Amino acid sequence: MFLDPNYIRDRIRTVPDWPQAGVMFRDITPLLQDAKTFRALIDMFVYRYMGQRLDLVAGIDARGFILASVVAYELNLGFVPVRKKGKLPFASITEEYALEYGSAAVEMHADAVRPGQRVLLMDDLVATGGTLLAGAKLLQRLGANVVEAAAIVDLPSLGGGDRIRASGLDLYAVCAFPD
Ligand SMILES: O=P(O)(O)OC[C@H]1O[C@H](OP(=O)(O)OP(=O)(O)O)[C@H](O)[C@@H]1O
Ligand SMILES: Nc1ncnc2[nH]cnc12
């Protein structure tokens with residue numbers, strides 16, 4: 001029961017018109033706040049990846065950090081942050097991208113991964129797919145092999161999942177909100 005995607009989906013709150021009119025914001029905080037659903041969620045990722053050959057888990061600022069660091073710890077792997085622009089102290093590389101509501105840029109330290117390392121890339125949600133694609137691009141520019149992109153939620157009506165798969169990157173999302 002706890003590893004049923006509907007159990008996860010049912011604990012995501014929808015907030016209409018936030019942060020701007022027309023956006024149905026899928027809020028994962030109730031899911032994280034409940035000990036059982038948080039553990040069930042993390043376990044779904046851990047069971048999926050525990051048999052796979054991985055070197056690192058990368059997480060996207062900010063909500064991807066919540067997942068990726070715990071999953072990395074559980075899989076006995078290191079964690080790498082993909083940060084919003086201007087936050088990293090050391091030599092960094094940058095990718096700009098468009099969002100459902102605006103534009104942004106993400107960065108990684110230039111020494112965050114070594115060429116050939118196998119990396120799982122995590123974020124909370126796929127809307128247009130721009131954020132995960134930008135994160136994957138950073139990893140690929142550093143020579144990493146992005147084994148899969150993973151998220152809690154896909155919003156298929158915004159086309160991000162298709163965009164990610166069309167780029168050649170595998171995507172796993174625990175659940176989807178079709179409307
Ligand atoms: O698929 P996309 O269209 O790229 O959208 C998904 C991204 O949008 C949200 O983050 P947001 O940029 O709102 O930043 P936050 O984590 O700082 O709230 C979400 O956490 C994803 O990172
Ligand atoms: N609809 C949405 N809900 C939550 N986070 C998002 N990021 C981009 N679109 C979003």
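Counting convention: from 1, in listed order, for ligands and their atoms alike. Remember, it's a predicted structure, so these values are computed and weren't measured experimentally.
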Can R83 and D61 be counted as an ion pair, charged N to O under 4.0 angstrom?
yes
May I ask you to check whether A127 has an N/O atom sitting below 3.5 Å from an N/O atom of ligand 1?
yes
Check: R118 main-chain N/O paired with D55 side-chain donor or acceptor under 3.5 Å
yes
Going by distance only, is there an N or O of G129 that falls short of 3.5 Å from an N or O of ligand 1?
yes
Which atoms of ligand 1 have any heavy atom of D123 under 4.0 Å away?
20 (O), 21 (C), 22 (O)
Side chain, backbone, both or neither: D124 near ligand 1, heavy atoms under 4.0 Å:
side chain
So if I count the atoms of ligand 2 from 1 in the order they appear, which ones are less than 4.0 Å from some heavy atom of R63?
4 (C), 5 (N)
Proximity to ligand 2 by part of D124, non-hydrogen separation under 4.0 Å:
neither
Check whether any N or O atom of V126, backbone or side chain, sits under 3.5 Å from an N or O atom of ligand 1, and answer yes or no.
no
So if I count the atoms of ligand 2 from 1 in the order they appear, which ones are less than 4.0 Å from some heavy atom of A127?
8 (C), 9 (N)
Between L88 and L142, is there shared hydrophobic-cluster membership here, with clusters defined by ILVMFWY side-chain heavy atoms closer than 4.5 Å?
no
Polar contacts were defined as any N/O atom of the residue lying under 3.5 Å from an N/O atom of the ligand; does this apply to Y97 and ligand 1?
no
Contact between ligand 1 and A62 is defined here as a heavy atom of the residue under 4.0 Å from a ligand atom; is it met?
yes
Is there a side-chain contact between S103 and Y97, using heavy atoms and a 4.5 Å cut-off?
no
If you measure from the Lys or Arg side-chain nitrogens to the Asp or Glu carboxylate oxygens, is any gap between R141 and E95 under 4.0 Å?
yes
Is it the case that R63 places NZ or CZ above or below the six-membered ring of F65, under 6.0 angstrom from the centre and within 45 degrees of the axis?
no
I'd like to know if the side chain of E74 reaches the main chain of I42, judged simply by a donor and an acceptor atom lying under 3.5 Å from each other, with no hydrogens or angles considered.
no
Short N or O distance, M24 and ligand 2, threshold 3.5 Å exclusive
yes
I12 side chain near F177 side chain, heavy-atom distance below 4.5 Å:
yes
